[in-house]
Amino acid sequence: MMLKNSIFCGITDFPLIQGMKRSMFRNQGFTLIETLTAMMILAISLVTIFQLFSGGLNSEKLAEDYTRAIFHAREKMEEILLHKEMADAELEGDFGDGFRWKAAVSEIVPDETEENRGGPQDPNPLFHVSVAVIWDTGESEREYEIRTVHMARKIDEKKE
């Protein structure tokens, strides 16, 4: 048996090493199908993430609009309740920032029972007060309404 100059000289003669050499040259990159599959998975993932992000932004805008509507409604309700005298009325106006309001004031008339018939009128009756704030979202109109009952003197329409 003759020894060669190098220890590793004859190592490539084994069949296992020759198979590794062939497989190393075959797996030098991704195939077209592997690349397309990876791109499809990436595209589907990005579309899903962008839809979730867009939905979150829409929800944030809607919450902001409702918060502004609540503040406007409370402001207008407080303004109406400051009056010591009231009468049946329907009012409306605009806040100037895309929100408008409608208010309704109506006296709550007690039931006509035998005890109440012909008796003296209450000098401070109860009034039902409702304030609605309306705004346009582009695709639809939204509304937020608050209601309360308030005791006030009735404005005598005969005197005016």
Side-chain angles (χ1 to χ4, degrees), residues 20 22-160:
M20 283 174 47
R22 271 188 247 126
S23 67
M24 281 181 13
F25 290 118
R26 256 189 268 147
N27 292 331
Q28 285 187 343
F30 294 109
T31 63
L32 181 61
I33 292 178
E34 290 171 334
T35 306
L36 289 176
T37 304
M39 293 296 274
M40 283 180 31
I41 291 171
L42 180 65
I44 291 170
S45 300
L46 287 176
V47 167
T48 304
I49 289 170
F50 286 143
Q51 284 179 342
L52 290 173
F53 186 69
S54 173
L57 289 177
N58 289 340
S59 296
E60 187 270 333
K61 173 74 171 115
L62 183 63
E64 180 183 336
D65 286 347
Y66 269 104
T67 302
R68 290 178 67 198
I70 290 168
F71 282 124
H72 282 317
R74 290 182 68 184
E75 173 189 15
K76 190 51 68 177
M77 179 66 79
E78 293 294 328
E79 184 181 318
I80 292 171
L81 295 179
L82 283 175
H83 297 293
K84 302 290 184 202
E85 297 180 333
M86 291 189 164
D88 291 353
E90 289 193 15
L91 311 164
E92 61 182 56
D94 191 359
F95 289 109
D97 60 352
F99 290 79
R100 60 186 193 282
W101 59 273
K102 291 182 182 180
V105 178
S106 60
E107 182 182 2
I108 299 174
V109 180
D111 291 340
E112 285 292 324
T113 61
E114 199 63 41
E115 302 162 357
N116 293 341
R117 201 169 295 148
Q121 290 288 329
D122 186 2
N124 293 323
L126 295 175
F127 288 89
H128 176 82
V129 181
S130 68
V131 174
V133 176
I134 304 115
W135 71 97
D136 189 22
T137 61
E139 54 198 42
S140 66
E141 213 172 62
R142 302 239 182 220
E143 180 176 333
Y144 178 78
E145 182 177 7
I146 57 174
R147 301 177 191 159
T148 190
V149 174
H150 183 65
M151 182 184 291
R153 282 181 295 217
K154 184 174 182 178
I155 296 175
D156 191 10
E157 296 168 359
K158 297 175 189 172
K159 290 181 182 176
E160 294 181 8

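Heads up: numbering here begins at 1 and tracks the sequence.
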Please evaluate residues Thr148 and Met77 with respect to the criterion side-chain contact (heavy atoms from CB on, under 4.5 Å), reporting the C-alpha separation (whole Å), side-chain torsions for both, the decisive distance (0.1 Å), and the verdict. CA-CA 9 Å; Thr148 190; Met77 179 66 79; 3.6 Å; yes
Which atoms form the tightest heavy-atom contact between [X] and [Y], and what is the distance?
{"X": "Ile41", "Y": "Ser45", "answer": "O-OG, 2.8 Å"}
{"X": "Ala103", "Y": "Val131", "answer": "CB-CG2, 4.2 Å"}
{"X": "Ala87", "Y": "Val105", "answer": "O-CG1, 3.5 Å"}
{"X": "Trp101", "Y": "Asp94", "answer": "NE1-N, 3.7 Å"}
{"X": "Met86", "Y": "Ile80", "answer": "CE-O, 3.4 Å"}
{"X": "Arg100", "Y": "Gly93", "answer": "CB-O, 3.2 Å"}

Does Glu143 form a salt bridge (charged side-chain N to carboxylate O under 4.0 Å, His left out) with Lys102? I'd like the steps, not just the answer. CA-CA 10 Å; Glu143 180 176 333; Lys102 291 182 182 180; over 6 Å; no
Taking Asp136 for its side chain and Gly98 for its backbone only, find out whether a donor-acceptor pair lies under 3.5 Å. no
Judged by atom type as modelled, is there a donor-acceptor pair below 3.5 Å linking the side chain of Ser54 to the main-chain atoms of Phe50? no
Counting heavy atoms not belonging to [X], are there more than 12 under 6.0 Å from its [atom1]?
{"X": "Leu46", "atom1": "CG", "result": "yes"}
{"X": "Glu90", "atom1": "CD", "result": "no"}
{"X": "Phe30", "atom1": "CZ", "result": "no"}

Roughly how far apart are Met39 CE and Ile44 CD1, rounded to 0.5 Å? 12.5 Å
Would you mind reporting whether Lys84 and Arg153 have side-chain heavy atoms less than 4.5 Å apart? yes
Contact between Lys76 and Val133 at the side-chain level, heavy atoms closer than 4.5 Å - yes or no?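 Counting from C-beta outward, Lys76 and Val133 never come under 4.5 Å.
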By salt bridge (charged side-chain N to carboxylate O under 4.0 Å, His left out), which residues pair with Arg147, not counting sequence neighbours?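 Residues passing salt bridge (charged side-chain N to carboxylate O under 4.0 Å, His left out) with Arg147: Glu145.
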Mind checking what makes salt bridge (charged side-chain N to carboxylate O under 4.0 Å, His left out) contact with Asp97, not counting sequence neighbours? Arg68
Using side-chain contact (heavy atoms from CB on, under 4.5 Å), reason through Leu62 and Arg142 one step at a time and then give a plain yes or no. CA-CA 10 Å; Leu62 183 63; Arg142 302 239 182 220; 3.5 Å; yes
Side chain to side chain contact (heavy atoms under 4.5 Å, CB included) with Ile33: of Thr37, Thr35, Leu36, only one passes, and it is Thr37
Name all residues meeting the ring pair (Phe, Tyr, Trp, His ring centres under 6.0 Å) criterion together with Phe99; count only those two or more places apart in sequence or in a different chain, and write none if there are none.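 Phe99 satisfies ring pair (Phe, Tyr, Trp, His ring centres under 6.0 Å) with His72, Trp135 only.
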